[in-house]
Amino acid sequence: MLRFHNTLSREVEEFKPLDEGKAKVYICGPTVWNFAHIGNFRTFIFGDILHRYLEFKGFDVTYVMNLTDVDDRIINESAERGIGIDDMTAPFIVAFHEDMAALNCLEPDFEPRATDHIGEMIDIIRALLENGKAYESDGSIYYRISAFPDYGKLSKISFEGNIEGGSARVDTDKYDKEDARDFALWKLVDDPDATGWDASFGRGRPGWHIECSAMSMKYLGETFDIHAGGIDLQFPHHENEIAQSEGATGKTFANFWLHGEFLKIDNEKMAKSLGNDYTFRDIRDRGFSALAIRYLLLSVPYGKQLNFTFEGLKGAETTVERLRNFRRLVSDSTTGNGIDGSALSAARTALEQFESAMDDDLNTSQALAAIHNLVKEINSLMADRMLTKDERDAVLHAVAKFDSVLGIFGEEEKEVLDEEIDSLIEERERARRERDFAKADEIRDRLAEMNIILEDTKDGVRWKRG
RNA sequence: GGCGGCGUAGCCAAGUGGUAAGGCAGAGGUCUGCAAAACCUCCAGCAUCGGUUCGAUUCCGAUCGCCGCCUCCA
């Protein structure tokens with residue numbers, strides 16, 4: 001039984017989709033004003049795991065991740081540089097796609113951009129104006145929170161007594177609003193040269209929250225199954241999305257809200273001021289593989305804070321390598337005729353444990369433990385005897401199932417060796433037979449430089465790319 | 001000021017009212033010409049102090065420490 005921690009109830013609930021067999025999921029994507037950092041990617045990998053696991057469970061999934069390609073930072077910076085906002089965001093969108101692909105994240109079914117959905121946003125704002133949940137003030141449009149009694153149901157924020165202490169951070173333009181809690185749906189743009197769009201209620205640009213209401217409902221309907229995102233978006237972003245969407249439609253917006261916890265670096269928060277806001281590219285430049293980064297970022301359940309350290313990343317690198325070796329070892333193994341089926345039950349058990357771990361609010365830590373236990377068991381068994389063909393197939397099948405969700409084993413190496421490498425390996429074998437180990441080692445070193453790692457086994461020489 | 005989370009071995013960490021998954025690192029060993037890969041063995045009483053209980057790491061309270069939210073933020 002698949003269960004998720006639902007922020008709305010603060011409890012783990014059984015996942016029941018709106019339509020039998022279908023799952024409609026929206027996750028808040030990046031603001032493409034810069035290279036995304038590994039904290040961002042932790043959340044997006046969480047989304048990817050959610051996406052993949054729903055498919056693993058047999059759901060027909062519609063997975064939507066937006067790109068926020070207009071906001072104050074983007075507008076200000078592109079204005080400073082004298083370019084259009086699209087010119088400013090384009091390279092970061094390309095980079096984001098590259099990074100996501102490198103991190104083995106599946107592409108979403110839809111990846112709507114805010115600037116392509118201004119019309120849909122305007123429609124929602126108009127509906128809110130018509131039913132009294134929005135009002136105009138100094139040319140801008142604000143949401144009237146007092147007209148939405150459910151406000152706060154997601155973040156559980158009560159506004160008695162806590163706005164006081166936080167008041168230093170309340171918007172400076174609060175005087176334009178009826179209530180300090182009200183937020184902008186549409187911000188007046190009176191400079192005709194500045195970035196803005198025309199609407200019946202005046203020229204302006206959208207507030208931050210309205211885009212997600214517009215895009216999620218457009219692709220998934222007015223009510224959908226799961227809305228995911230980073231924990232920091234819970235308030236105010238998601239709370240405001242609910243207010244806007246439910247305020248406009250009168251229907252429940254999303255049934256499940258899933259929030260990914262923060263990533264810490266060396267037990268400290270990630271912050272520009274601390275200089276630890278690493279981008280994916282920064283980490284790659286230090287020589288770490290994307291697979292190891294993915295492994296580390298998914299090794300802790302999404303609902304818990306994850307402490308990122310380079311020591312941990314180094315460990316992840318080794319671990320991923322071990323997993324890859326395992327799959328190669330099994331798939332290259334010669335099979336025997338034994339009738340001992342112990343590997344069959346091991347594979348079955350591992351698969352069951354994996355699924356029950358993932359069913360439990362995507363407990364990736366336990367899911368990985370199930371995989372590692374299988375690896376150890378089968379490796380140990382293979383040190384003793386050959387697998388039967390059925391056993392080998394069962395283990396490889398289990399690995400493929402695991403990896404369809406986790407995506408940490410990487411590509412299989414099926415490349416054919418080219419002739420030069422092939423003949424070098426043969427030459428080395430000849431030297432070894434003649435016990436000319438100096439020559440054999442020299443050839444091995446040469447191959448290593450060509451990125452070919454050799455392993456001598458009882459069954460002959462095995463190789464892999466380094 | 002209001003609210004939430006966390007504190008488990010050198011590191012990353014799961015988890016449970018009945019004496020603690022998994023990975024990395026480390027130590028010793030097997031195999032190997034040597035490596036590599038793999039295997040075997042070893043390595044914690046769960047922040048502190050109280051309480052509840054036959055029994056707590058797991059429940060309650062307090063203390064200390066860390067992280068977060070209270071309209072920029074994955």
Side-chain angles (χ1 to χ4, degrees), chain A residues 10 27-31 36-47 71-73 155-171 174 180-184 208-209 228-237 239-240 259-264 267-272 295-296 299-301 303-323 325-326 328-329 353 357 363-373 375-376 379-384 432 435-438 440-441 444-445 448 453-458 462-464:
Chain A
R10 303 289 157 107
I27 181 169
C28 291
T31 301
H37 55 63
I38 53 172
N40 294 314
F41 284 116
R42 183 196 185 191
T43 298
F44 302 141
I45 287 171
F46 146 54
D71 81 335
D72 286 357
R73 292 172 297 192
S155 53
K156 317 289 187 232
I157 284 178
S158 80
F159 284 86
E160 279 112 56
N162 71 351
I163 265 293
E164 293 302 313
S167 62
R169 297 167 69 172
V170 170
D171 271 2
K174 64 183 172 186
R181 299 175 302 165
D182 291 349
F183 57 92
W208 172 34
H209 318 295
I231 184 74
D232 52 324
L233 298 183
Q234 190 176 299
F235 188 89
H237 188 236
E239 194 69 63
N240 290 352
H259 288 100
E261 256 293 354
F262 265 101
L263 175 76
K264 292 192 286 183
N267 254 313
E268 288 190 292
K269 61 182 170 184
M270 179 161 61
K272 200 155 234 151
Y295 181 95
L296 184 62
S299 66
V300 178
K304 294 213 169 196
Q305 293 186 357
L306 180 160
N307 187 23
F308 179 96
T309 65
F310 281 102
E311 191 180 344
L313 184 54
K314 240 166 103 180
E317 200 76 71
T318 310
T319 304
V320 165
E321 182 63 22
R322 178 176 153 84
L323 292 175
N325 280 337
F326 172 70
R328 191 171 49 90
L329 228 53
Q353 289 173 343
N363 191 327
T364 43
S365 288
Q366 290 195 329
L368 287 171
I371 296 175
H372 285 122
N373 286 333
V375 168
K376 183 148 213 165
N379 269 334
S380 169
L381 201 152
M382 286 193 298
D384 233 40
R432 289 183 69 213
R435 307 194 69 79
D436 183 355
F437 295 119
D441 289 350
R444 182 167 61 194
D445 290 344
I453 312 283
L454 298 184
E455 296 172 12
D456 298 327
T457 73
K458 285 193 175 65
R462 212 196 303 276
W463 65 273
K464 64 179 175 180

- [ ] When you get a sec, tell me which of A35(B), A13(B), A74(B) is the closest nucleotide to the side chain of L306(A)?
- [x] A13(B)
- [ ] Can you tell me, in whole Å, how much space there is between the P of G61(B) and that of C67(B)?
- [x] 24 Å
- [ ] For the residue pair T318(A) and E321(A), establish whether any side-chain heavy-atom pair is separated by less than 4.5 Å.
- [x] no
- [ ] Name the closest nucleotide to the T43(A) side chain, picking from C34(B), U71(B), A74(B).
- [x] A74(B)
Open item on the list: Return whichever of Q366(A) or D441(A) has its heavy-atom-nearest nucleotide of RNA chain B closer to the 5' end.
Closed with: Q366(A)
TODO: Can you tell me the distance, in whole Å, between the CD1 atom of I27(A) and the P atom of A74(B)?
DONE: 12 Å
TODO: Sort out the partner of U16(B) for me: Watson-Crick or G-U wobble, both distances under 3.5 Å, none otherwise.
DONE: none
TODO: Identify the nucleotide, in any strand shown, that forms a Watson-Crick or G-U wobble pair with G28(B), with both distances under 3.5 Å; if there is none, say none.
DONE: C40(B)
- [ ] If G65(B) has a Watson-Crick or G-U wobble mate with both distances under 3.5 Å, name it; if not, just say none.
- [x] C6(B)
Task: Spacing of the P atoms in A25(B) and A36(B) (rounded, Å) - done: 13 Å
Open item on the list: At 4.0 Å (heavy atoms only), tell me whether P301(A) reaches a base, stays on the sugar-phosphate, or touches nothing.
Closed with: sugar-phosphate
Open item on the list: Distance check, C1' atoms only: C34(B) and U41(B), in whole angstrom units.
Closed with: 24 Å
TODO: Considering just the side-chain nitrogens and oxygens of N379(A), establish if one lies under 4.0 Å of OP1 or OP2 belonging to A37(B).
DONE: no
Open item on the list: For a quick check of understanding: with a heavy-atom distance under 4.0 Å over all strands, which category does K314(A) fall into, base, sugar-phosphate or nothing?
Closed with: nothing
Open item on the list: Side-chain N or O of K304(A) versus OP1/OP2 of C12(B): is the shortest distance under 4.0 Å?
Closed with: no
Open item on the list: Between U57(B) and U52(B), how many Å separate the two C1' atoms, rounded to a whole number?
Closed with: 16 Å
Open item on the list: Nearest to the R73(A) side chain among A74(B), G23(B), C70(B), which nucleotide is it?
Closed with: A74(B)
Task: Short side-chain donor-acceptor distance under 3.5 Å, K376(A) and N373(A) - done: no
Task: Phosphate-side-chain proximity, W208(A) and C73(B), N/O vs OP1/OP2 below 4.0 Å - done: yes
- [ ] Using whole Å, report how far CG of N373(A) lies from P of A14(B).
- [x] 17 Å
Open item on the list: If I take atom NZ in residue K269(A) and atom P in nucleotide G4(B), what distance separates them, rounded to the nearest angstrom?
Closed with: 21 Å
Task: Heavy-atom neighbours of K264(A) NZ exceed 12 at 6.0 Å - done: yes
- [ ] State whether the distance check finds a donor on one side and an acceptor on the other, under 3.5 Å, for side chain R322(A) versus base G23(B).
- [x] no
Task: Heavy-atom side-chain proximity of N40(A) to P30(A) below 4.5 angstrom - done: no
Open item on the list: For N325(A) and R322(A), which I'm curious about, is there any donor-acceptor pair between the side chains at under 3.5 Å?
Closed with: no
Task: Touch class at under 4.0 angstrom, heavy-atom based, for H37(A) against every strand present - done: base
Open item on the list: Using the side chain to side chain contact (heavy atoms under 4.5 Å, CB included) definition, which of the options L306(A), N363(A), T364(A), L368(A) pairs with V300(A)?
Closed with: L306(A)
Task: Nearest-Å distance for atom pair CZ/P, residues F41(A) and A74(B) - done: 12 Å
Task: Given C12(B), A37(B), A21(B), the nucleotide with the shortest approach to the side chain of A369(A) - done: A21(B)
Task: Pair assignment for C59(B), Watson-Crick or G-U wobble, requiring both distances under 3.5 Å - done: G51(B)
Task: G28(B) to G50(B) separation - P atoms, rounded to the nearest Å - done: 41 Å
Task: Sugar-phosphate only, base, or nothing, as touched by N325(A) at under 4.0 Å among non-hydrogen atoms - done: sugar-phosphate
Task: Whole-Å P distance, G4(B) and C60(B) - done: 13 Å
- [ ] Round to the nearest Å and state the distance from D384(A) atom CG to U30(B) atom P.
- [x] 18 Å
Task: Which nucleotide in C11(B), G33(B), C67(B) has an atom nearest any side-chain atom of F437(A) - done: G33(B)
Open item on the list: My understanding is that a pair needs two contacts under 3.5 Å, Watson-Crick or G-U wobble. By that rule, which nucleotide pairs with C72(B)?
Closed with: none
Open item on the list: I want to check one thing: is the phosphate of A36(B), taken as OP1 and OP2, less than 4.0 Å away from some side-chain N or O of T457(A)?
Closed with: no
Open item on the list: Using a 4.0 Å heavy-atom cut-off, does N307(A) contact any base of the nucleic acid, only the sugar-phosphate backbone, or nothing at all?
Closed with: sugar-phosphate
Task: Among A38(B), C67(B), C34(B), the one nearest A383(A) by side-chain distance - done: A38(B)
Task: First of V300(A) and L233(A) reached from the 5' end of RNA chain B, by closest nucleotide - done: V300(A)
Task: Closest listed nucleotide, where the reference is the side chain of N363(A) and the choices are C39(B), G33(B), G15(B) - done: G15(B)
Open item on the list: Rounding to an integer number of Å, can you tell me how far E455(A) CD sits from A36(B) P?
Closed with: 10 Å
Task: Interatomic distance at P, A47(B) relative to A20(B), whole Å - done: 15 Å
Open item on the list: Nearest whole Å is fine: how far is U32(B) C1' from R444(A) CZ?
Closed with: 10 Å
Open item on the list: For the backbone of S155(A) and the side chain of E239(A), can you confirm whether one donor and one acceptor N or O come within less than 3.5 Å of each other?
Closed with: yes
Open item on the list: Please pick, from G33(B), A74(B), C12(B), the nucleotide with the shortest atom-to-atom distance to any side-chain atom of L296(A).
Closed with: C12(B)
- [ ] Under 4.0 Å between any heavy atoms, over every strand shown, what does T31(A) touch: base, sugar-phosphate, or nothing? Just pick one.
- [x] sugar-phosphate
Open item on the list: Strictly distance-based, threshold 3.5 Å: is any side-chain N or O of R42(A) a donor or acceptor partner for the main-chain N or O of E261(A)?
Closed with: yes
Task: E261(A) CD - G4(B) P separation (whole Å) - done: 15 Å
TODO: Name the closest nucleotide to the S365(A) side chain, picking from A74(B), A14(B), G33(B).
DONE: A14(B)
TODO: Establish, with yes or no, whether the OP1 or OP2 oxygen of U32(B) is under 4.0 angstrom from a side-chain nitrogen or oxygen of R462(A).
DONE: no
TODO: Tell me what D72(A) touches on the nucleic acid: a base, only sugar-phosphate, or nothing, going by heavy atoms under 4.0 Å.
DONE: nothing
- [ ] Could you tell me the separation between the CZ atom of R73(A) and the CG atom of D71(A), rounded to the nearest 0.5 Å?
- [x] 4.5 Å
Task: Aromatic ring pairing H237(A)/H209(A), orientation class (parallel under 30°, perpendicular over 60°, tilted between) - done: tilted
- [ ] Describe the nucleic acid contact of G39(A) in one word from base, sugar-phosphate, nothing, applying a heavy-atom distance below 4.0 Å.
- [x] base
Open item on the list: Please report the distance separating the C1' of U19(B) from the corresponding atom of C46(B), rounded so that it comes out in whole Å.
Closed with: 12 Å
Task: From U71(B), G68(B), G22(B), nucleotide with atom closest to H372(A) side chain - done: G22(B)
